[in-house]
Protein chains: 2
Amino acid sequence: MDKKTELISPDLKEMAQLAKALSHPVRLYIVMSLAHMNSCCYSGDLAEEIGVGRSTLSQHLKELKFAGLIQGEIEAPYIRYCLNRDNWQKARQLFNNLFAEKNNL
Amino acid sequence: MDKKTELISPDLKEMAQLAKALSHPVRLYIVMSLAHMNSCCYSGDLAEEIGVGRSTLSQHLKELKFAGLIQGEIEAPYIRYCLNRDNWQKARQLFNNLFAEKNNL
DNA sequence: TCTTTATTTCGCAAATTTACGAAATGTTTT
DNA sequence: AAAACATTTCGTAAATTTGCGAAATAAAGA
């Protein structure tokens, strides 16, 4: 129960994690595509599309997955990555709250 | 004019930078306080409040300043840090766009 | 079963981030 | 002018991030 525990709330920490997941252009591009196109993607296609190594892209997908923003389902021999809609909604709420205009003094 | 230049737009890069600035709990706490409380802050006070070294906090402020999210005006012997409202508004738009529900297929 | 295909994990190197105390800067007060 | 104060910059060390190719996994097709 030190100061940090009070001040830096779990929500805030979670949000910082989300922001970190979104803090790389490639990851932001991926997530933005998925959200706006309402589509899913395949690792290999993306690697070629973006022009980055396959292992590199896999790493980015892993981080987005770890942050809960996307999920992959096997569609052999591919893995189909889609937004995790529940967590995406949660992230939306957190960021909406951050940017909310409650400044009506 | 390679692929990356097309795909990873300036807006997207800027947003990734903003996300990076927001990706640390301390920085997120600072910005959130400033936004929600509609207030300003002083480096020393914050360092004590959060429980982090003064030089460390100065570094975080520097990064927020670099990202354009805050600005400091001299109020000797202090420096008063406030949100940069214009850029904050810009950031809001970028993130609102990211999370916009245009998924009505 | 063996080969091909899609993806991930591993190992590694370069770059960046984080945090701190000490020293430097600049201002106020004595 | 000197002491006190708020803040930043510097130097440094530990941890993390980034990107890649090579090797490992796992499943599909011949």
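Residue numbers begin at 1 in each chain, while the letters A, B, ... track the order of the sequences. What you see below is based on every heavy atom in this structure, not just the backbone, and it leaves out hydrogens, waters and symmetry mates.
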Dump the intermediate steps for salt bridge (Lys or Arg N to Asp or Glu O under 4.0 Å) on B/K20 and B/E63, then the final yes or no.
-> CA-CA 9 Å; B/K20 178 142 64 180; B/E63 285 180 56; over 6 Å; no

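- Taking atom NE2 of residue A/H24 and atom P of nucleotide C/dA15, one finds them 15 Å apart after rounding to whole Å.
- Across the protein-nucleic acid pair, A/L64 atom CG and D/dT17 atom P stand 13 Å apart, rounded to whole Å.
- In this model, B/C82 has its SG atom no nearer than 2.5 Å to the SG atom of B/C41.
- Of all heavy-atom pairs spanning B/A19 and A/L22, the tightest one is CB-O, 3.6 Å.
- Rounded to a whole Å, the CD atom of B/E49 is 16 Å from the P atom of D/dA6.
- Rounding to whole angstrom units, CD of residue B/E73 and C1' of D/dT7 are separated by 16 Å.
- Taking the six-membered ring where the residue is Trp, the centroids of A/F95 and B/F99 are separated by under 6.0 Å.
- Linking ILVMFWY side-chain heavy atoms closer than 4.5 Å, directly or via other members, places B/Y42 and B/L61 in two distinct hydrophobic clusters.
- At whole-Å resolution of the value, CD in A/E48 and C1' in D/dC20 are 17 Å apart.
- Atom C1' of nucleotide D/dT8 and atom CD of B/E63 are separated by 14 Å, given to the nearest angstrom.
- Phosphate proximity of D/dG19 to A/H60: present, with a side-chain N or O under 4.0 Å from OP1 or OP2.
- When each of B/V26, B/L57, B/V52 is paired with B/L46, the side-chain contact (heavy atoms from CB on, under 4.5 Å) condition holds for B/L57 and for no other.
- Looking at the side chain of B/A76, the nearest of the listed nucleotides C/dT27, C/dC20, D/dT18 is C/dT27.
- In this structure, B/K62 places its NZ atom 12 Å from P of C/dT17, rounding to the nearest Å.
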Reading nucleotides 1-7 of chain C 5' to 3', which nucleotides get B (base under 4.0 Å from a protein heavy atom), which S (sugar-phosphate only), which -?
-> -----SB

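- Between D/dC20, D/dT9, C/dT18, one nucleotide has an atom nearer to the side chain of A/S55 than all others, and that is D/dC20.
- Within the 4.0 Å cut-off from OP1 or OP2 of D/dT16, not a single side-chain nitrogen or oxygen of A/K20 is found.
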What's the verdict on side-chain contact (heavy atoms from CB on, under 4.5 Å) for A/M37 and A/M32, showing C-alpha distance, side-chain angles and the deciding distance?
-> CA-CA 8 Å; A/M37 301 303 180; A/M32 197 167 246; over 6 Å; no

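- Between A/R27 atom CZ and D/dG19 atom P there is a gap of 8 Å when expressed in whole angstrom units.
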